[in-house]
Amino acid sequence: MKTALLKERDYIFDAYGLKPYTIYYLYVNNTQISSRTKQFGKKLGQPLVTNENGQLKVVFYIDSYIPSNSTKSSSAKFSSLRAGPLEIVLSTINQANLPENYADSAGSIAKTTLFLNKV
């Protein structure tokens with residue numbers, strides 16, 4: 001059986017209709033991934049803050065999470081990048097993992113699903 005893999009890449013998200021001047025956190029499959037996310041015009045690690053219109057444009061870099069200076073081979077990096085759906089959520093909740101009722105408990109959210117194809 002073959003495993004479908006995906007390429008490392010940047011994804012750009014443009015969210016509208018959010019709460020203005022509010023800090024948001026990016027979650028991938030319900031796990032907060034702030035270290036791989038940056039807002040356009042800001043540096044990596046700075047807070048994701050909506051503008052006066054409730055708009056937020058972010059870049060999320062998806063990769064294997066294996067450091068480039070790792071002794072693991074390229075094949076190990078590729079094997080951890082399996083194709084499939086990724087649920088992306090921008091939320092006002094700041095926790096390591098989103099609670100099950102996040103849609104009801106967050107002040108504001110944006111949600112999308114990426115369907116990653118093999119290389």
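This is a predicted model, so every value here is computed, not measured.
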Note, Tyr21 side chain near Glu52 side chain (heavy atom, < 4.5 Å): yes
Thr50 (side chain) donor-acceptor with Gln55 (main chain) under 3.5 angstrom: no
Reported OG1-to-CG distance for the pair Thr37 and Leu48, which is rounded to 0.5 angstrom: 6.5 Å
Ile23 reachable from Val58 in the ILVMFWY side-chain graph, under 4.5 Å edges: no
Under 3.5 Å: donor-acceptor pair, side chain of Asn101, backbone of Asp104: no
Connected via hydrophobic side-chain network under 4.5 Å: Val49 and Ile93: yes
Co-membership, hydrophobic cluster, residues Val59 and Tyr11, 4.5 Å side-chain: no
Nearest heavy atoms of Arg36 and Leu44, plus distance in Å: C-CD1, 4.2 Å
Val28 side chain near Leu26 side chain, heavy-atom distance below 4.5 Å: yes
Value rounded to 0.5 Å, distance of OG1 in Thr112 from CG in Leu114: 6.0 Å
Nearest atoms (heavy-atom pairs only) where Lys111 meets Val89: CG-CG2, 4.0 Å
Parallel, tilted or perpendicular, as decided by the 30° and 60° cut-offs, for the rings of Phe13 and Phe60: tilted
Sidechain-backbone polar pair: Asn51 side chain, Asn53 backbone, donor-acceptor under 3.5 Å: yes
Co-membership, hydrophobic cluster, residues Ile33 and Leu56, 4.5 Å side-chain: yes
Sidechain-backbone polar pair: Thr113 side chain, Pro85 backbone, donor-acceptor under 3.5 Å: no
From Gln95 atom CD to Ser105 atom OG, the distance as rounded to the nearest 0.5 Å: 7.5 Å
same_hphob_cluster(Tyr102, Leu90) at 4.5 Å side-chain heavy-atom cutoff: no
Donor + acceptor pair across side chains of Asn94, Gln32 (<3.5 Å): yes
Sidechain-backbone polar pair: Lys42 side chain, Pro47 backbone, donor-acceptor under 3.5 Å: yes
Distance-only donor-acceptor check, side chains Ser108 and Tyr24, under 3.5 Å: yes
Tyr16 vs Leu18 side-chain heavy atoms within contact, under 4.5 Å: no
Interatomic spacing from CD in Glu87 to OH in Tyr27 - rounded to 0.5 Å: 12.5 Å
Reference residue Asn97; test side-chain hydrogen bond (donor to acceptor under 3.5 Å, both in side chains); the match among Asn29, Asn30, Thr31: Thr31
